[in-house]
Amino acid sequence: MFEEQYNDEMEAEVRRLEAKNRAMTAGHPDWNNACAVCGCELTDVSVERCGDCP
């Protein structure tokens with residue numbers, strides 16, 4: 001039970017850090033996430049691309 005909760009929390013933290021890195025790469029360190037293709041701001045850290053990019 002504890003291991004599963006720990007794993008979920010670590011996966012969420014990894015997604016958050018990856019999203020923050022995409023925003024920094026897009027030139028917006030103040031954003032929490034950016035599209036990996038076009039660089040537009042994304043509000044959800046669990047996605048890598050906006051709805052417009054394939």
Side-chain angles (χ1 to χ4, degrees):
M1 176 90 167
F2 179 74
E3 282 184 35
E4 185 176 329
Q5 179 183 359
Y6 177 80
N7 287 341
D8 291 345
E9 291 174 2
M10 293 309 300
E11 287 175 13
E13 181 65 9
V14 167
R15 283 191 302 273
R16 187 190 69 78
L17 291 172
E18 289 174 341
K20 190 66 175 172
N21 283 338
R22 282 192 298 276
M24 291 179 71
T25 300
H28 299 281
D30 52 321
W31 291 358
N32 290 325
N33 195 4
C35 176
V37 177
C38 70
C40 70
E41 184 175 17
L42 301 173
T43 56
D44 187 2
V45 297
S46 64
V47 296
E48 292 184 17
R49 297 178 181 199
C50 66
D52 296 331
C53 292

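Heads up: numbering here begins at 1 and tracks the sequence.
Pairs of residues two or more places apart, or lying in two chains, never qualify as ring pair (Phe, Tyr, Trp, His ring centres under 6.0 Å) while including a residue from residues 32-54. The ring pair (Phe, Tyr, Trp, His ring centres under 6.0 Å) pairs that include a residue from residues 8-28 are H28-W31, where partners are two or more places apart or lie in different chains.
The salt bridge (Lys or Arg N to Asp or Glu O under 4.0 Å) search around E13 returns R16, not counting sequence neighbours. By the side chain to side chain donor-acceptor pair (under 3.5 Å) test, E9 pairs with Q5, sequence neighbours left out.
The line from CG of D30 to CE of M24 is 10.5 Å long, rounded to the nearest 0.5 Å.
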Side-chain polar contacts of residues 44-54 - donor-acceptor pairs under 3.5 angstrom, sequence neighbours left out - could you list them?
residue: D44; atom: OD1; partner: S46; partner atom: N; Å: 3.1
residue: D44; atom: OD1; partner: S46; partner atom: OG; Å: 2.9
residue: D44; atom: OD2; partner: S46; partner atom: OG; Å: 2.9
residue: R49; atom: NH1; partner: P54; partner atom: O; Å: 2.1

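Residue M10 belongs to a hydrophobic cluster whose other members are Y6, with links defined by side-chain heavy atoms closer than 4.5 Å.
Taking 4.5 Å as the limit, every side-chain heavy atom of N33 sits out of range of all side-chain heavy atoms of E41.
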